[in-house]
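Okay, so here's the structure we're looking at.
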Amino acid sequence: MAELKRFLVPWFDQIKPYDTDDLLMAWSRPELKRMMVNENPIPPSEKVLQAVIEAAKLGNRYPDSGPRIRAKIAKRYDLGPENVFISHGSSEIIDMIMRLFVSPGDEVLLPNPTFSLYGIRTRAVGGQVVAVDMTSDLQYDIPAMLRAVTPRTKVIIICTPNNPTGDFIPDDDLMKIVELGIPTLIDEAYLEYHPEHESKAPLIRKYNHLIVAHTFSKAYGMAGIRFGYALADETLIGYFRKIQIPWNTSLLSMAAAEAALDEEEELKRKAAYNNAGVDYVFKELSKIPGVTPYYSHGNYVLIDATDTGATGKEIVDYVFENAGVILKHFAPLRGRNGFFRISLGTHEENSICVHAIKKFLENRKKEKRT
Ligand SMILES: Cc1ncc(COP(=O)(O)O)c(C=O)c1O
């Protein structure tokens with residue numbers, strides 16, 4: 001047997017992969033309620049399915065770089081197709097940014113908490129994650145982020161609305177980061193749930209170090225189909241092309257995305273369904289003493305139950321065992337260990353989940369009294 005470690009890039013031994021155990025379990029037990037990875041509970045439309053079937057008929061051919069869909073996307077932002085790079089979900093964009101800008105020992109500055117993949121892909125290229133805790137009300141701590149910038153900062157991540165905290169970064173805070181002139185990802189994965197908030201895409205005309213990323217995995221509801229895109233200055237898109245794996249987006253995913261782009265009413269319907277779910281969960285959980293839900297503009301709600309005395313993990317475990325709902329708990333933040341996140345499901349699933357949480361906390365109260 002070869003001693004593989006001798007050949008492995010030195011930092012790889014320490015790397016933990018993105019945890020997909022919950023997905024493995026959810027696929028093998030379809031009766032479980034998947035409220036842990038910010039999926040959309042509504043399946044693709046008939047039109048999307050038909051488009052995929054038509055595309056599959058040409059499945060013997062390699063795809064091109066998607067000039068038609070790039071033009072369609074560009075038009076929405078009043079940009080050109082040369083400003084659009086299409087990808088295998090926006091995770092690929094995150095990975096490409098790290099491969100483009102981060103050498104071993106370089107730093108990537110991001111908020112804590114945020115989407116864990118940024119850190120994982122940073123470490124995969126030997127980079128150092130510099131995670132700056134959000135403020136106690138879970139807003140970007142911009143002074144602390146600015147203080148954390150060093151000559152080795154090669155990438156800054158701004159996720160807006162942020163996963164899992166749910167809020168947008170205010171414009172003046174964003175501009176303080178943008179003006180640093182350091183390559184910055186503005187991840188707008190959840191923006192389509194709130195189109196009244198304008199995309200930051202127009203900034204790429206003035207700032208050639210910005211990348212605005214979008215995905216079809218969330219409001220469009222195509223996480224399993226895998227399609228995303230980046231908007232950036234033409235030169236930066238040119239760098240993406242240099243390191244991309246050719247044919248990164250399949251004919252099927254391009255066709256699905258193109259069909260979904262044409263169905264504006266369907267997108268609105270999905271967003272409205274989700275947002276009603278967010279309102280319901282937020283309202284119901286706000287009523288419980290000691291429970292603080294954070295209002296979210298995404299398809300998830302972060303909750304801090306520390307003041308009930310329960311940990312996030314205890315709640316997540318109870319809801320799983322008693323209601324078959326998979327949630328996600330979070331590492332302690334600012335000394336508080338009651339954080340967990342609900343990814344919105346169907347209205348029925350949301351209700352089952354809320355009731356299970358209430359039941360857990362009621363039982364706990366009773367136990368304390370006896
Ligand atoms: C903020 C954020 N960006 C990107 C992604 C990745 O999405 P995709 O499915 O497009 O790779 C996620 C997934 O949860 C996310 O939360």
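Each ligand, and each atom within it, is numbered from 1 in the order the structure gives.
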Here the atoms of ligand 1 under 4.0 Å from any heavy atom belonging to R226 are 8 (P), 9 (O), 11 (O)
* Can you check whether F320 reaches M25 side chain to side chain, under 4.5 Å on heavy atoms? -> yes
Tell me whether the centres of the aromatic rings in F339 and F330 are closer together than 6.0 Å. no
Whether over 12 other heavy atoms sit under 6.0 Å from E348 CD | no
- Quick one: does Y229's side chain get under 4.5 Å of L231's, heavy atoms only? yes
closest protein heavy atom to atom 5 (C) of ligand 1 is F115 CE2, 3.3 Å
C159 heavy atoms within 4.0 Å reach ligand 1 at atoms 1 (C)
**Asked** Side chains of L146 and I177: closer than 4.5 Å at any heavy-atom pair?
**Response** yes
Check: Does ligand 1 have an atom that lies less than 4.0 angstrom from a heavy atom of H88?
Finding: no
field: S90-ligand 1 polar pair, N/O distance under 3.5 Å
entry: yes
shortest atom 14 (O) of ligand 1-to-protein heavy-atom contact is with K218 NZ, 2.8 Å
In ligand 1, the atoms that come under 4.0 Å of a heavy atom of G89 are 10 (O), 11 (O)
Short version for Y220: what comes under 4.0 Å of ligand 1, heavy atoms counted, is neither
Within 4.0 Å of some non-hydrogen atom of D187, the atoms of ligand 1 are 1 (C), 2 (C), 3 (N), 4 (C)
Are the aromatic ring centres of H214 and F216 under 6.0 angstrom apart? no
Check: Hey, is Y190 one of the residues with a heavy atom under 4.0 angstrom from ligand 1?
Finding: yes
In the structure I gave you, are the side-chain heavy atoms of K328 and S343 within less than 4.5 Å of one another anywhere? no
Quick note on ligand 1: atoms under 4.0 Å from a heavy atom of N163 include exactly 16 (O)
the protein heavy atom lying closest to atom 10 (O) of ligand 1 turns out to be T215 OG1, 2.5 Å
I'd like to know if E258 and K72 make a salt bridge, using a cut-off of under 4.0 Å between side-chain N and carboxylate O. yes
Here the atoms of ligand 1 under 4.0 Å from any heavy atom belonging to Y118 are 1 (C)
In short, A305 meets F340 closest at the heavy-atom pair CB-CE2, 4.2 Å
- Y229 touching ligand 1 at heavy-atom level, < 4.0 angstrom: no
Sorted by chain and residue number, the side chain to side chain donor-acceptor pair (under 3.5 Å) partners of N162 (sequence neighbours excluded) come out as T114, T165
**Message:** One thing to verify: whether D317 and K313 come together as a salt bridge, which I'm taking to mean a side-chain N less than 4.0 angstrom from a carboxylate O.
**Reply:** yes
_ligand 1 contacted by E92 (non-hydrogen, < 4.0 Å)_ = no
Numbered in order shown, the ligand 1 atoms found under 4.0 Å of a heavy atom of S217 are 8 (P), 9 (O), 10 (O)
If you scan protein heavy atoms around atom 6 (C) of ligand 1, the nearest is S91 OG, 3.4 Å
